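Report on the structure given below.
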Amino acid sequence: MKEEKFQPKGKTIQELSEFLKTLGEPAFRGMQIFQGLYKHKYRTWEEFTNLPKPLRAKLSEYIELADLPVGFHMVSEDGTQKFTFKLEGGKEVEAVWIPRGDGARKTICISSQVGCTLNCSFCATAKLPFQGNLKTWQILDQVLSVERIVGDHATNIVFMGMGEPLHNYFEVMRAATILHHPEAWNLGAKRITISTAGVVPGIHRYIDNKEPFNFAISLNQPDPNTRSEIMDVNEKFGLDKLIEAAERFVRELGRTITFEYVMIPGVNMSDKHIQLLGKIARKVGNCKFNVIPLNTEFFGWTRPSDTMIEDFVTKLKSASRVPVMNRRSPGKEIGGACGMLALSGTNNS
Ligand code: SAH
């Protein structure tokens with residue numbers, strides 16, 4: 001009957017209060033458990049000293065507060081640390097700790113799915129079989145475990161690990177809401193980034209719900225005729241509809257949207273691509289680009305040289321007149337950089 005046990009992790013205060021009521025407890029205990037789990041980060045029921053002992057005993061009978069077991073843990077020279085966590089049935093997911101050199105920003109990159117529902121040709125995660133959506137608590141446990149192991153707290157969370165967050169909308173938004181909650185991590189909404197490869201209905205749902213978190217679209221190819229060649233999501237939701245959704249985001253939420261762009265020489269870095277990107281930027285208005293050098297070598301593709309990157313960034317800045325950031329993609333030698341999350345310590349190309 002283990003599966004039927006209530007899992008307190010990943011629940012809202014209201015859900016916890018309702019559960020506590022079924023145990024004949026006052027509703028405010030819900031808040032105490034929420035704070036214990038996510039503000040004080042207790043790992044055992046004994047640590048919940050503000051709960052009466054008999055209740056703690058009852059809860060420990062019902063619920064085990066287990067950590068996600070660590071599969072492997074690798075530390076890169078640049079300070080990046082990659083983790084795999086074991087889930088039920090032999091499944092595994094990855095998370096990456098990415099401290100910036102000056103220590104001012106410490107980002108945890110977390111997974112939303114086991115494998116991915118999509119199949120982007122340049123991404124190593126796409127080579128794994130899709131094995132399901134993560135529950136809210138499994139998403140949050142990645143953060144708890146990484147913070148515990150590195151002995152530090154994240155300043156930023158990005159949903160840019162394995163998976164397509166908008167294909168696991170409910171659990172991802174609930175996790176982001178708990179990360180943002182003042183009685184939990186209390187991270188600013190702008191410090192939490194949700195990224196999509198272009199699941200257009202999910203973007204509209206995001207706008208309808210006025211989700212407060214940072215939002216990024218992995219654009220990667222501005223040519224409507226060839227985007228499907230590298231991103232299968234485009235077959236279902238074409239570029240026109242994607243750009244319309246981005247325009248709506250900016251218009252209705254009044255916030256900046258980020259376009260991520262994996263630079264692949266010979267595929268999406270020509271002057272023609274830069275002109276198309278300029279057009280998109282003008283259409284969308286309040287946007288910026290984060291460019292990422294390709295980290296994998298499928299199909300004989302190679303990483304752009306530093307000169308190519310510089311040239312691309314300069315031209316894109318002048319064509320788009322919006323900010324272009326060359327995103328540091330650390331952790332390459334441990335397979336922890338963008339698009340390399342495929343449960344191995346090395347580049348899987
Ligand atoms: N599915 C979501 C979340 C994953 S984010 C999304 O696509 O946005 C992972 C980011 O890494 C995306 O911006 C993706 O385009 C980028 N990426 C994937 N493979 C890469 C690679 N081989 N090199 C560099 N970046 C890559």
Side-chain angles (χ1 to χ4, degrees), residues 80 82 93-96 98 107-128 130 133-134 139 142 156-169 171-172 175-176 192-200 202-203 206 213-222 227 229-234 236-237 242 245-246 257-265 267-269 288-304 308-309 312 325-333 335-342 344 346-349:
T80 307
K82 169 166 142 165
V93 282
E94 298 191 343
V96 190
I98 312 161
T107 304
I108 302 181
C109 175
I110 53 176
S111 296
S112 57
Q113 300 185 313
V114 187
C116 189
T117 32
L118 299 176
N119 188 7
C120 297
S121 59
F122 44 83
C123 179
T125 305
K127 314 294 175 217
L128 301 172
F130 172 65
N133 283 330
L134 293 181
I139 297 172
Q142 295 172 55
N156 294 69
I157 302 288
V158 295
F159 283 81
M160 295 188 187
M162 292 179 159
E164 169 50 47
L166 297 189
H167 275 162
N168 188 14
Y169 192 98
E171 305 287 334
V172 162
I192 301 167
T193 302
I194 314 287
S195 179
T196 181
V199 178
V200 172
I203 302 175
Y206 195 94
F213 317 109
N214 245 355
F215 194 68
I217 293 177
S218 300
L219 183 60
N220 298 340
Q221 176 56 275
R227 189 165 185 264
E229 288 173 15
I230 58 167
M231 298 181 79
D232 69 338
V233 67
N234 195 75
K236 211 162 173 190
F237 311 113
L242 178 59
I257 201 160
T258 303
F259 288 117
E260 303 197 65
Y261 202 80
V262 188
M263 294 173 286
I264 315 175
V267 173
N268 64 1
M269 295 183 74
K288 62 179 183 180
F289 289 101
N290 271 353
V291 298
I292 319 161
L294 181 74
N295 285 315
T296 49
E297 292 178 352
F298 303 119
F299 311 111
W301 288 335
T302 51
R303 191 177 204 277
M308 287 165 85
I309 296 172
F312 184 79
M325 310 284 292
N326 180 7
R327 210 171 77 180
R328 210 172 61 98
S329 190
K332 272 194 296 296
E333 79 276 14
C338 299
M340 293 175 79
L341 301 184
S344 132
T346 53
N347 185 340
N348 275 47
S349 54

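Everything numeric in this text was worked out from a predicted model, so none of it was measured. All ligand and atom numbering here is 1-based and tracks the order in the structure. Just the heavy atoms: all of them, side chains too, but no hydrogens, waters or symmetry mates, feed the values below.
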Does [X] use its side chain to pair, donor to acceptor, with the backbone of [Y] at less than 3.5 Å?
X    : Y    : value
T296 : F122 : yes
N268 : V262 : yes
N290 : T258 : no

Ignoring hydrogens and angles, write down the donor-acceptor pairs under 3.5 Å from the side chains of residues 109-120, residues two or more places apart or on other chains.
| residue | atom | partner | partner atom | Å |
| --- | --- | --- | --- | --- |
| S111 | OG | E94 | O | 2.6 |
| S111 | OG | M162 | N | 3.0 |
| Q113 | OE1 | T117 | N | 3.2 |
| Q113 | OE1 | T117 | OG1 | 3.1 |
| Q113 | OE1 | E164 | N | 3.0 |
| Q113 | NE2 | T117 | OG1 | 3.4 |
| Q113 | NE2 | N133 | OD1 | 2.8 |
| T117 | OG1 | H167 | ND1 | 2.8 |

Close side-chain approach of E260 and M160, heavy atoms under 4.5 Å: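 Yes, at least one pair of side-chain atoms sits under 4.5 Å.
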Those atoms of ligand 1 less than 4.0 Å from some heavy atom in [X]:
X    : result
P165 : 2 (C), 3 (C)
N220 : 15 (O)
G163 : 1 (N), 2 (C), 3 (C), 4 (C)
V262 : 15 (O), 16 (C), 17 (N), 23 (N), 24 (C), 25 (N), 26 (C)
T296 : 22 (N)

Partner of I157 by side chain to side chain contact (heavy atoms under 4.5 Å, CB included), out of I194, I139, T107, I108: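 That would be I108; it is the only one of I194, I139, T107, I108 passing the side chain to side chain contact (heavy atoms under 4.5 Å, CB included) with I157.
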Answer side chain, backbone, both or neither: which part of [X] comes under 4.0 Å from ligand 1, heavy atoms only.
X    : answer
I217 : neither
E260 : side chain
L294 : both

Would you say ligand 1 has an N or O under 3.5 Å from any N or O of N295?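 Between N295 and ligand 1 (N or O atoms, distance only) the closest approach is under 3.5 Å.
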If we only count N/O pairs under 3.5 Å, is I292 in contact with ligand 1?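 Not met; the criterion fails.
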Under 6.0 Å between ring centres, would you say that holds for F289 and F312?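 No, ring centres 6.0 Å or more apart.
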Run down the list S218, P293, G161 and name the one with the heavy atom closest to atom 13 (O) of ligand 1.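 Checking each option, the heavy atom nearest atom 13 (O) of ligand 1 is found in S218.
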Partners of Y169 by side-chain contact (heavy atoms from CB on, under 4.5 Å), sequence neighbours excluded?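 Result, side-chain contact (heavy atoms from CB on, under 4.5 Å) vs Y169: L166, M173, R205, Y206, N209, E211.
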